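Only a predicted model underlies this, so the values are computations on that prediction, with no experimental measurement involved. Order of the sequence lines fixes the chain letters, A, B, ..., with proteins taken first and strands second; residue numbering starts at 1 for each chain.
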Amino acid sequence: MNTTLNLNYSVELSSYRDQHFKGSRVEQERCLRYTSTLYIGNLSFHTTEEQLYELFGRAGAIKRIIMGLDKFKKTPCGFCFVEYYTREDAEMCMRYINGTRLDDRIIRSDWDTGFIEGRQYGRGKTGGQVRDEYRTDFDSGRGGYGKIVQQKLVHAPTN
Amino acid sequence: MSRRKYDDTGDYDNRERKRRRTDAVEIEDRLESLIIRVGEKSTSSLESNLEGLASVLEADINNYRNKILKILSECAVKMPEKTTIYTTLVGLLNAKNYIFGGEFVDLMARKLKDALKSCMWKTARYVVRFFADLVNCHVISTNSLLQLYHSFLETAQEDNAPQVRSDTYIYAVLSSLPWVGRELYEKKEQDLEKLLKHIEIYVNKRSCKHVAGLRVWRSDSPHPQEEYLDCLWAQICKLRSDNWQEKHIARPYVAFDQVLCEALQHNIPVITPPPHSPDNTYPFPWVVFRLFAYTDCPEGPILPGAHSIERYLIEEHLHNIIKQFHLERKQCASFLLDFPLKQKIPLEYVIVEVVLAEMFHLPASRYLQICYGSLLIELCKLQPATMPQVLAQAVELLFERIDTMNTCCHDRFVSWFAYHLSNFQFKWSWDDWLHAAKLPVDHPRAKFVVEVLQRCMRLSYHDRIAEVVPEQFDCFVPAKPKVIFRYDPDLGGESYVWEILHATIRKMSKHVARLQKDMLDSRDSHRRRRSGAETRRASDESESNSDNSSDEDTARPRPTEEEIERMEEKLETAHTDQKNLFLIIFQRFIMLLSEHLSKCDTERRDYDTHWYRWTVGRLQQIFMQHNNQVERYGKTLNELLFTPDLDSHILDIFNQFMSLRA
């Protein structure tokens, strides 16, 4: 046994804090420590709820899944919330599913304070997630180029 | 001591005392870290590290005796892979300080007694192993170890105690012999032979009713499916015929032979196994999982044979690594691949065999299926040049042998393999399995391929899978978007049906468990509130502030006796519902199977069809997957459903299950 190892590394809180959280930092952290809801990111826009049940159900019984939607188009925009019945099951998800693949993409899970109506929508200006506005790469699973690059491409002179 | 007392004393004194106390804590922490880390990678040799540490500890024994004893005794049971390192250290300390050695032996004996009393069998087994290896370090006398062995063996003579009890005790003895066999052979050959004779008699007269239900495969070809105690016994016999020479255990004490042989030895205090009580739980027996033979591995280091003690020692070591690191899959994978003896064995093969052994373990695996699945993915990522190939070879072998695979394991195999493929772009040499498309639909191979494809589609989508599999599999890939199967439209739903059934049973079990916990908690807090009130009155004047627990209670409303009674009633109702659920399920199985058997009998047909095997397998699965819950109703099931007049084929399944705890 190596004593320098941390066997809880996977379930510790990340440094990310949702800026829209209504409450103090202390309250937010307390919520994160007791929650059984996870934010799942880097999903393909094409990934369905059924697929999510199939994968995330392997860590424990799922209470509900909330799909992240484009604010305007109301179509999936590459994230979701998975709520488990227990914290332990959510921890299993953090340990064993975080960083593995779904629809050929490495997905990321992080603790979330819990779903509140309105949070299912993308927060970018164009309706999707903010990260999809500024991206400069082409990602076929997330609608091609980032929104800003796309707009530039549209306005670029074509010969 | 309370803080207030310090306040009364002078300021200087106070600070001085605090300083001394923190110094002591610092030294204790340093000692702890030194002891725990000894044997880790270092620039100097293990022997010189041990020698140095022994001198440091010797100097501190008088001031930090209890702390040192405590750390050493914990390392002894918590780091079994470092047994010989700690026995050497204790040996060196004993040579320097005989009294300390004696205190350590007494402490370990107390640990063993407590472990036996509280059914902590793994701890008990590691203490016995530690004692055995202390004989090699001249800390413990050979005779007192033999005496301990014989007192464990006496459990074999008990009447009215389950076999799993004596199995557990005898396993503890047998599994320590690789450490001390040679020493006993050299010093006490006759006593050793007498001991082995007793064990042999025991092993031969054991009942093996439970074995059939625990086998991953019904067939013994190509690898015999051996029960764990039978297998270890065979391995020990092989070791004996090799004059107790083994090549796996590193023995640092050999270098200190001259110092150690001067030391005086202690006797282990007499330890008699506490009598069996119906509340005791013993580990389930198991069947040793064997997938590879040495011929499956490429040239290079040779895979130790199934009956070589090295195979046992390596496997145990790898299982321990998984146990220690299963919570962090990446660390777990890198520790497995960094196995100390990796040069001497085909490492990828033994790792894959051990991980699959845990995944297919019956009645249930220790951890979630996805724990093993994600571990295998990490292993492939860390060792991309070799691991994926070995894993693919394992899948081929499993597929080849799937005809006689246990239904629980078949399901786990399907579920894992689809998940694994989903992490590797569904790349697989599907063409090799084309022959399965021509088999009857309920043939295990055809079923496997269909179910894997279905699972893959659940993790992905239709077109993605249709794109990677050969056209000849079209009969297996349902047309889009409606699920239509060439042979049987109902087949597509079959694995779902079982999933739903098991999910329903699990939901019921969770409901019962929750009511039970609520009821116990309330009863507990009710009791504590009452006694807590009394203690608080009595301790008004005392300086202790240890009643944190009752502070917590005051926050919650105190449950009244009526409320607790209501909870008990609710729990009882839930138990009745659960019992009825199992009764209904088992009754349906019995009806279907009995009908099939009697029909085949009158029509003079062979009853042993694919359908029959699947149905029996599904029945077995209910027992295995929900063993903790079904166990509770064993008596009722025996009286109402699994009665002696039932066809023995069906009754056997029940008896196999009941014998798991017998």
Side-chain angles (χ1 to χ4, degrees), chain A residues 1-12 36 38 40 42-65 76 80 82 84-109 140-141, chain B residues 32-37 39-41 74-75 78-82 320-321 323-332 334-335 338 367-375 377-378 381 415-416 418-426 454-461 463-464 499 503 506-507 510 514:
Chain A
M1 189 168 25
N2 188 323
T3 47
T4 54
L5 291 171
N6 175 1
L7 289 179
N8 271 314
Y9 178 78
S10 295
V11 294
E12 277 170 6
S36 44
L38 300 172
I40 313 295
N42 198 32
L43 296 176
S44 156
F45 290 179
H46 309 292
T47 298
T48 63
E49 210 171 316
E50 286 76 11
Q51 282 172 271
L52 295 167
Y53 271 101
E54 173 65 27
L55 179 63
F56 289 96
R58 289 172 182 244
I62 296 172
K63 197 167 178 182
R64 60 175 174 170
I65 289 179
C80 77
V82 174
Y84 288 94
Y85 281 100
T86 66
R87 171 84 180 184
E88 291 74 44
D89 290 351
E91 285 187 353
M92 292 302 138
C93 178
M94 290 292 281
R95 292 185 194 284
Y96 304 127
I97 298 181
N98 187 14
T100 63
R101 282 171 195 270
L102 180 61
D103 272 335
D104 300 319
R105 309 175 66 86
I106 292 183
I107 53 170
R108 190 178 67 81
S109 65
S140 62
Chain B
E32 180 163 6
S33 147
L34 283 174
I35 296 174
I36 289 177
R37 281 154 176 263
E40 284 178 16
K41 278 191 182 124
E74 273 171 18
C75 289
K78 291 205 178 126
M79 289 187 252
E81 71 283 359
K82 279 163 64 174
N320 275 338
I321 295 178
K323 241 178 257 170
Q324 261 176 36
F325 300 107
H326 71 277
L327 291 177
E328 292 295 329
R329 61 181 205 260
K330 290 184 185 187
Q331 287 176 5
C332 191
S334 70
F335 272 93
D338 200 23
Y367 309 119
L368 284 183
Q369 289 297 299
I370 199 167
C371 166
Y372 304 114
S374 66
L375 176 60
I377 292 170
E378 289 311 319
K381 285 206 269 189
S415 170
W416 162 70
Y419 164 78
H420 187 79
L421 289 177
S422 78
N423 270 271
F424 294 94
Q425 294 102 51
F426 300 100
Q454 284 173 350
R455 277 275 173 176
C456 286
M457 273 181 259
R458 281 165 66 174
L459 281 162
S460 163
Y461 51 101
D463 287 359
R464 179 87 177 85
E499 241 181 281
R506 258 199 314 276
K507 219 164 212 174
K510 277 196 173 162
R514 199 151 134 200

### Task
Could you look at A:I106 and say if it's the side chain, the backbone, both or neither that has a heavy atom under 4.5 Å from chain B?
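Neither part.
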
### Query
So which part of A:L55 gets closer than 4.5 Å to some heavy atom of chain B, the side chain, the backbone, both or neither?
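Both backbone and side chain.
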
#### Entry: Residue among A:E91, A:R101, A:M92, A:R95 with most heavy-atom pairs under 4.5 Å to chain B
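Of A:E91, A:R101, A:M92, A:R95, A:R95 has the most heavy-atom pairs under 4.5 Å with chain B.
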
### Query
Who among A:L52, A:L102, A:N98 has the most heavy-atom pairs with chain B under 4.5 Å?
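Result: the option with the highest number of such pairs is A:N98.
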
Who wins among [options] for the most heavy-atom pairs under 4.5 Å with chain A?
options                        : value
B:Q425, B:R506, B:R455         : B:R455
B:R464, B:K330, B:E378, B:E328 : B:E328
B:G373, B:C371, B:S422, B:A503 : B:C371

### Task
Give a yes or no answer on whether the side chain of A:Q51 reaches the backbone of A:T48 with a donor-acceptor pair at less than 3.5 Å.
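Judged by distance alone, yes, a pair lies under 3.5 Å.
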
### Task
Without swapping roles, check the side chain of A:N6 against the backbone of A:N8 for a donor-acceptor pair under 3.5 Å.
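Yes, because the side chain of A:N6 sits within donor-acceptor range (under 3.5 Å) of the backbone of A:N8.
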
Part of [X] within contact of chain A (heavy atom distance under 4.5 Å):
X      : answer
B:K41  : neither
B:L368 : side chain
B:K510 : side chain

#### Entry: Beyond-backbone contact of A:L43 with A:C80, side-chain heavy atoms, under 4.5 angstrom
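Yes, close enough: below the 4.5 Å cut-off.
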
### Query
Does any non-hydrogen side-chain atom of A:C93 lie less than 4.5 Å from one of A:F56?
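SC-SC contact between A:F56 and A:C93 confirmed.
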
### Message
Would you say OH of A:Y53 has more than 12 non-hydrogen atoms from neighbouring residues, nucleotides or ligands within 6.0 angstrom?
### Response
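Enclosed: over 12 neighbouring heavy atoms sit under 6.0 Å from OH of A:Y53.
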
### Query
For the residue pair A:D89 and A:A61, what are the closest heavy atoms and their distance?
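That would be OD2-N, 3.4 Å.
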
### Task
Anything under 30° is parallel, anything over 60° is perpendicular, the rest tilted; go ahead and classify B:F325 against B:F335.
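Ring orientation, 0 to 90° scale: parallel.
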
